[in-house]
Number of protein chains: 2
Amino acid sequence: MTENTTAYSDIDEKDLEILEQVENDFDVGLETLSQGLGLSKSAIHYRIEKLKENGIIEGVTADVDPLALGLEMVSITDVSVTHEEGYSENIGEKITTISGVEQVFYTMGDVDFVVVSRVQTRDQLNDLIEEIVAIDGVNETSSKFVMEEFHGARNVTENLTRAARDTILDS
Amino acid sequence: MTENTTAYSDIDEKDLEILEQVENDFDVGLETLSQGLGLSKSAIHYRIEKLKENGIIEGVTADVDPLALGLEMVSITDVSVTHEEGYSENIGEKITTISGVEQVFYTMGDVDFVVVSRVQTRDQLNDLIEEIVAIDGVNETSSKFVMEEFHGARNVTENLTRAARDTILDS
DNA sequence: AATGAAATCGACCAGCA
DNA sequence: TGCTGGTCGATTTCATT
């Protein structure tokens, strides 16, 4: 085995700590991070910049509560397609552009796409599903309502298993 | 009908524009927002503060790229449970706490939970599924691999249909 | 609720280990 | 290359409208 050269871009423990914090709340401020890690504010700043440049931090965004905008209806739609050529990618992207669609997964198995969508009303959901069906190559759809959502740890760093952490730090 | 009193907390068009921007990239800066909206920087600041206080902006967070941390393996697991009492909530939360689990949906239908998880290796996935099965009340699981992910518009505001926008602005 | 001025915090520059 | 301390610019807060 030729040593671990996977491109974890030299993430060390301090970087991981920073990631854990800012992934939860970017407003913590350099001061707090600085005190918690025993580094100067500038150092923290540079580390965050580097994490952005290396694409580890993809961006800093405001998280908007869907419920606050009336998007109370979540559904999961299984989509199967007719398997010609390599149209699958194309279909996936088309589904993504439909208004109300949040996530699209292309999966192995009899169900080809799993689509998570979020809308305000049942009418909007009907429209959305019709738009999926209208896509060329879409074969069959089957939807289920989401009654409750446990949006657990969306945080990548908090979700790391011990093994995963170790792999990253052994770089 | 007694007029629309749904708690959209007086969101106006300018608020929606701000939300669209900061949901994509919080680093845009007050200057840019100020120019784009024809308001002073302070005014923008206060509006953002208010959106946070009202819970419309749940927080500002750094988005970490899972791939950068080696989390390349995504899977969707359908979980059915034995229907006794109101244990469902409990089970949902237990699943959420499992390391590697990203999202849990409690749905209507024969499949009770849909679980999206993200891990580094197949071993980690096996462990994760074993942990789900070990939960009291879990009946059966069935997993599929995700080959491609179209993480389309995660942005709530961009995903609003015209109808949804109108509903919000008519407050 | 919005504005402009004052205090505070983050971004950048140069020197240093 | 990465950290520190200081300066500049941006953000936050204050007093006022």
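So you know, we letter chains A, B, ... as the sequences are listed, proteins then strands, and number each from 1.
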Please report the distance, rounded to the nearest Å, between CZ in A/Arg47 and C1' in D/dT4. 14 Å
Applied to residues 63-83 of chain B, the salt bridge (charged side-chain N to carboxylate O under 4.0 Å, His left out) test, sequence neighbours excluded, yields B/Asp78-B/Lys144
Residues at least two apart in sequence or cross-chain that pass side-chain contact (heavy atoms from CB on, under 4.5 Å) with A/Glu13, listed by chain then number, are A/Leu169
Output all residues satisfying salt bridge (charged side-chain N to carboxylate O under 4.0 Å, His left out) with B/Asp123, sequence neighbours left out; order by chain, then residue number. none
Under the rule for salt bridge (charged side-chain N to carboxylate O under 4.0 Å, His left out), what residues qualify as partners of B/Asp15, not counting sequence neighbours? B/Arg47
Please state how far atom CG in A/Asp12 lies from atom C1' in D/dC3, giving the value in whole angstrom units. 13 Å
Linking Ile, Leu, Val, Met, Phe, Trp and Tyr through side-chain heavy atoms less than 4.5 Å apart, which residues share a cluster with B/Leu67? none
Between which nucleotides of DNA chain C, 5' to 3', does chain A make heavy-atom contacts below 4.0 Å? C/dG10 to C/dC13
Residues which pass side-chain contact (heavy atoms from CB on, under 4.5 Å) with A/Ser99, listed by chain and number, not counting sequence neighbours: B/Thr161
When rounded to whole Å, the NZ to C1' distance for the pair A/Lys14 and D/dG2 reads 12 Å
Just jot down the salt bridge (charged side-chain N to carboxylate O under 4.0 Å, His left out) partners of A/Glu58, sequence neighbours excluded, or say none. none
Let me test you: for the helix from C/dA1-D/dT17 to C/dA17-D/dT1, what is the angle between the axes at its two ends (five pairs each), rounded to 10 degrees? 30°
When you check every protein heavy atom under 4.0 Å of nucleotides 11-17 of chain D, what one-letter string (B, S, -) results, 5' to 3'? BSBB---
Does a donor on one side chain and an acceptor on the other come within less than 3.5 Å for B/Thr157 and B/Glu23? yes
Which whole-number value in Å describes the distance from A/Glu13 CD to D/dG2 P? 17 Å
Under the salt bridge (charged side-chain N to carboxylate O under 4.0 Å, His left out) test, which residues partner A/Glu49, sequence neighbours left out? none
Would you kindly give the CG-to-C1' distance between A/Asp10 and D/dG2, to the nearest whole Å? 12 Å
Should side-chain heavy atoms under 4.5 Å link Ile, Leu, Val, Met, Phe, Trp and Tyr, which residues sit in the same cluster as B/Ile76? A/Val74, A/Ile76, A/Phe105, A/Val111, A/Val114, A/Val116, A/Val146, B/Val74, B/Phe105, B/Val111, B/Val114, B/Val116, B/Val146
Compute whether any side-chain donor of one residue and acceptor of the other, for A/Gln21 and A/Glu17, lie under 3.5 angstrom apart. no
